[in-house]
2 protein chains.
Amino acid sequence: MRDEDLQEMRQLPLFEGVGAAYVESLLRSAFVQRFPAHVELVHEGDPADFLYVIVQGQVEIYAGYRDRETTISVLGPGNSFIIAAVLLDRVYLKSARGLTPTRILMLPAEAVREGFAEDAHFARALAVDMALAYRGVVKELKNQKLRSSLERLANWLIAEEEKGGSTGKLEIPYDKKVLASRLGMAPEVLSRSIAALIPYKVDIRGRHVQLNDREALLSLARPVPTIDDPAC
Amino acid sequence: MRDEDLQEMRQLPLFEGVGAAYVESLLRSAFVQRFPAHVELVHEGDPADFLYVIVQGQVEIYAGYRDRETTISVLGPGNSFIIAAVLLDRVYLKSARGLTPTRILMLPAEAVREGFAEDAHFARALAVDMALAYRGVVKELKNQKLRSSLERLANWLIAEEEKGGSTGKLEIPYDKKVLASRLGMAPEVLSRSIAALIPYKVDIRGRHVQLNDREALLSLARPVPTIDDPAC
DNA sequence: TCACGTCCTTGATATTGATCAAGCTCTGAT
DNA sequence: ATCAGAGCTTGATCAATATCAAGGACGTGA
């Protein structure tokens with residue numbers, strides 16, 4: 001691994017509070033790899049050989065069943081994926097592919113498991129990480145089971161706008177069909193849902209969105225902390 | 001806490017591999033409480049004051065939004081709930097109520113967090129627990145997003161039958177309306193789905209179920225390890 | 001600038017699931 | 001044994017979402 005890469009890796013959120021020496025030894029067995037867009041990085045059902053951390057680019061986490069496919073989430077720089085499988089030495093439950101060209105840090109699963117067994121700080125960091133990830137999925141499950149597609153879209157827009165600093169504007173960060181799959185609907189339904197938001201003064205052109213009547217949209221979306229607040 | 005209760009608690013899966021001394025000190029601040037059926041044990045949105053472990057009875061974990069409600073899971077003796085909220089000192093994301101009269105071990109959240117911070121074994125046990133729970137929800141999310149109600153029912157039947165030792169018979173362990181909510185459908189849809197399984201030689205009378213053509217049901221359900229295998 | 005392909009939208013229609021209403025069944029209490 | 005109530009089923013209808021098909025918009029490379 002190049003020295004400047006190493007420098008960068010050390011600061012990953014995953015390693016916060018973990019002894020420098022241990023991070024060092026973990027990183028010694030790791031390497032950074034570039035992948036072109038659209039290639040599958042991991043395939044569900046395969047044994048967890050590596051823990052992946054995104055350095056650059058966007059990664060879609062998805063899962064398939066029969067001829068269907070759904071995206072679970074889309075991750076960016078700083079995010080890691082499939083910690084749980086690595087920690088438990090099990091099979092991946094989800095697949096991953098780059099939506100863009102990516103640079104990815106790959107940590108051999110064996111090293112991560114050793115770190116977990118030997119370094120208490122790292123073990124705690126992993127536990128906290130797992131707990132946060134767990135709550136994230138629970139929220140998503142509630143989102144799916146309790147809301148209609150239109151409500152999911154409305155809430156996603158509000159959440160995304162707030163993530164971008166509550167400017168009233170936002171960019172959809174990937175293809176609409178990916179967003180549709182993330183939100184759990186067919187692309188056609190997303191199109192129609194977008195059209196259905198015009199009365200709420202939502203103005204979508206391409207990937208550029210403007211929310212011109214926050215109140216109206218909020219009254220439709222009705223966000224609640226226990227589903228929508230990322231800090232909750 | 002009564003002495004015989006203490007004896008029982010020590011053997012909970014949560015404490016596996018944790019030093020006896022530490023378990024002891026944890027349990028000193030804990031107590032066992034009886035609740036009548038149908039009372040709400042925890043309410044989503046409340047701060048996590050206790051970690052709950054079921055000693056006796058059935059507990060429904062559910063969540064609400066507007067006037068809707070969905071059950072996330074139904075737990076039995078030995079299961080604990082809301083570890084993540086306790087560990088992170090956050091608010092509960094789900095509510096819980098007894099489906100039957102229950103006996104429940106309540107561990108003050110503060111003590112659990114101390115244990116996590118000070119006992120490395122306990123921290124690891126929690127991390128593993130969180131990882132398992134995480135994978136459970138991911139599977140459930142896939143189940144919801146990728147399958148129809150009929151498929152979810154068919155797969156639930158198979159999983160439940162295998163849990164009971166693959167005898168071809170099984171008991172639905174709670175009211176059908178709870179099962180419907182657990183599977184993410186209206187009670188009427190569950191009724192009709194059950195009727196739709198008659199051609200597959202599924203015989204349901206009350207809570208008693210018999211699977212008379214496993215092959216046929218399997219070809220409809222098409223279970224896959226990455227959603228349905230609890231050991232995966 | 002044009003042409004191609006991909007992505008998105010729109011329309012028509014089918015399917016799935018929800019809701020409303022009524023009746024039935026089982027159980028538990030009197 | 002009888003009655004009340006809860007839980008379940010069934011029918012009719014409606015709403016939400018998926019699917020199929022076609023056309024339009026847009027960006028990219030020649």
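Residue numbering restarts at 1 for every chain, and letters A, B, ... go by the order of the sequence lines.
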Any donor-acceptor pair under 3.5 Å linking the side chain of B:Q58 with the backbone of B:P77? no

Strictly under 4.0 angstrom, non-hydrogen atoms only: write out the protein contact profile of nucleotides 6-21 of chain D, one letter per nucleotide from the 5' end, B, S or -. -SSBBBB----SSBB-

Are the side chains of A:R152 and A:Q144 in touch, meaning some heavy atoms are under 4.5 Å apart? yes

Just wondering, do B:Y52 and B:V59 contact through their side chains at under 4.5 Å, heavy atoms? no

When rounded to the nearest 0.5 angstrom, what distance separates CD in A:E40 from OH in A:Y62? 3.5 Å

How long is the gap from CG on B:L105 to CG on B:L51, to the nearest 0.5 Å? 7.5 Å

Given the side-chain rings of B:F31 and B:F50, with only the six-membered ring counted for Trp, is the space between their centroids under 6.0 Å? yes

Does the distance from a Lys or Arg side-chain N to an Asp or Glu carboxylate O, for A:E69 and A:R97, drop under 4.0 Å? yes

Please list, for nucleotides 23-30 of chain D, all pairs of protein and nucleotide N/O atoms separated by less than 3.5 Å.
none

